[in-house]
Participant: 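I'd like to ask you about the structure that follows.
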Protein chains: 2
Amino acid sequence: MEPIDVFKALSNEIRLNILQWLKEPEKHFPKQGAHLPKEVSYKGGVCVGDIQEKAKTSQSTVSHYLNMMQQAGLLESVRYGKWTYYRRNEETIRQFAEYFRTEI
Amino acid sequence: MEPIDVFKALSNEIRLNILQWLKEPEKHFPKQGAHLPKEVSYKGGVCVGDIQEKAKTSQSTVSHYLNMMQQAGLLESVRYGKWTYYRRNEETIRQFAEYFRTEI
DNA sequence: TTGACATATCTAGAAAATTAGATATAATAT
DNA sequence: ATATTATATCTAATTTTCTAGATATGTCAA
């Protein structure tokens, strides 16, 4: 986990929102996919299309952002069929909080 | 304190370094100013010139960066004579750590 | 196999950040 | 008053980020 990459990833309002939305997916993505049983898709995260709709930006931009956040270690993804589900990587997020608390 | 501004301020290696250096000014600015008695100048922070020298970048850039970090709430400044001393704003830094821990 | 759909990648123009030189301002020393 | 020094601000060139349209890839359904 490179702290600079985390700071960069979160220095954009849309990306910061995405990370916060994914903290409570049931709350922010209520009419979620239905491509899969509820418990599976929430455990696996939220699909790109649902995030795009909520973020009100283009498909390519969302895909780019999600990839950027994954590179920074903030998200991880799983593919089920044609859908890619993104969810938070809580371990990195915790590590970053600890890094900030102790080293900044 | 606007979290986005803090993320932006720290998404640059030089600025992140400055914040870390100012955590232990005696360690990172040993031959510090001498414009003022040691305890005064460390309490008041480190002057722009010393930070510039350490950061190895131009005077205007450092001044710009310090101002940016102050706007974000990460630093505060005091002027003694012709020197401006910058120091950390520990309250904001603590608030941000808490924000990250609880809301991100 | 073909068609439709979800997502990723490529490309490029627009916007913002980075950076330093030039200049302005403010304080001190002579 | 003038010269010097420290810092701030202005300006502009360069680099990076943002963003979306176009296209490619992968998967499923008919």
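We name chains A, B, ... by the order of the sequence lines, and we start the count at 1 in each one. On a predicted model such as this, the values are computed, not experimentally measured, just so you know.
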Participant: Out of D/dA20, C/dA6, D/dA8, which has the shortest distance to the side chain of B/V48?
Facilitator: D/dA8
Participant: Looking only at heavy atoms, what is the nearest atom pair of B/A55 and B/V62, with distance?
Facilitator: CB-CG2, 4.4 Å
Participant: OP1 or OP2 of C/dT18 sitting under 4.0 Å from any side-chain N/O of B/R15?
Facilitator: yes
Participant: Spell out, as yes or no, whether a donor-acceptor pair under 3.5 Å connects the side chain of A/R88 to the backbone of A/Q20.
Facilitator: no
Participant: Answer yes or no: does a side-chain N or O of A/T61 lie under 4.0 Å from OP1 or OP2 of D/dA20?
Facilitator: yes
Participant: So which nucleotide from D/dG26, D/dT5, C/dT7 ends up closest to the side chain of A/W83?
Facilitator: C/dT7
Participant: Is there a side-chain contact between A/S58 and the phosphate of D/dG21, meaning an N or O under 4.0 Å from OP1 or OP2?
Facilitator: no
Participant: Atom CG of B/N67 and atom P of C/dA17: how far apart are they, to the nearest Å?
Facilitator: 14 Å
Participant: Expressed in angstrom and rounded to an integer, what is the separation of A/E13 atom CD from D/dT19 atom P?
Facilitator: 10 Å
Participant: What's the separation between atom CD1 in A/I51 and atom CD1 in A/I14, rounded to the nearest 0.5 Å?
Facilitator: 12.5 Å
Participant: Establish, with yes or no, whether the OP1 or OP2 oxygen of C/dA8 is under 4.0 angstrom from a side-chain nitrogen or oxygen of A/S60.
Facilitator: no
Participant: Rounded to the nearest angstrom, tell me the gap between atom NE2 in A/H64 and atom P in C/dA6.
Facilitator: 22 Å
Participant: For a quick test of reading the model: is some side-chain N or O of B/Y86 closer than 4.0 Å to OP1 or OP2 of D/dA8?
Facilitator: yes
Participant: Give the rounded distance in Å between these two atoms: CD of B/E53 and C1' of D/dA6.
Facilitator: 14 Å
Participant: With a 3.5 Å cut-off and no angle check, do the side chains of B/Q70 and B/S77 form a donor-acceptor pair?
Facilitator: yes
Participant: Mapping A/K82 and A/K8 to their closest nucleotides on DNA chain D, which lands nearer the 5' end?
Facilitator: A/K8
Participant: Is any side-chain heavy atom of B/F100 closer than 4.5 Å to a side-chain heavy atom of A/I93?
Facilitator: yes
Participant: Rounding to an integer number of Å, can you tell me how far A/M68 CE sits from C/dT9 P?
Facilitator: 13 Å
Participant: Could you tell me the separation between the CG atom of B/L16 and the CG atom of B/L10, rounded to the nearest 0.5 Å?
Facilitator: 5.5 Å
Participant: Nearest to the B/Q59 side chain among D/dT9, D/dT17, C/dT9, which nucleotide is it?
Facilitator: D/dT9
Participant: Rounded to the nearest Å, what distance is computed from the CD1 atom of residue A/I4 to the P atom of nucleotide C/dA17?
Facilitator: 15 Å
Participant: Output the rounded distance in Å from CD (A/Q70) to P (C/dT7).
Facilitator: 14 Å
Participant: Does OP1 or OP2 of C/dT19 have a side-chain N or O of B/N12 closer than 4.0 Å?
Facilitator: yes
Participant: In this structure, how many angstroms lie between the C1' atom of D/dC18 and the CG atom of A/L16, rounded?
Facilitator: 16 Å
Participant: Where the side chain of A/I14 is defined as all heavy atoms beyond and including C-beta, which of D/dG21, C/dA6, D/dT19 is the nearest nucleotide?
Facilitator: D/dT19
Participant: Among D/dA8, C/dG21, D/dA20, which nucleotide sits nearest the side chain of B/S63?
Facilitator: D/dA8
Participant: When the nearest nucleotide of DNA chain D is assigned to A/R79 and to A/Y65 on a heavy-atom basis, which residue is associated with the more 5' position?
Facilitator: A/Y65
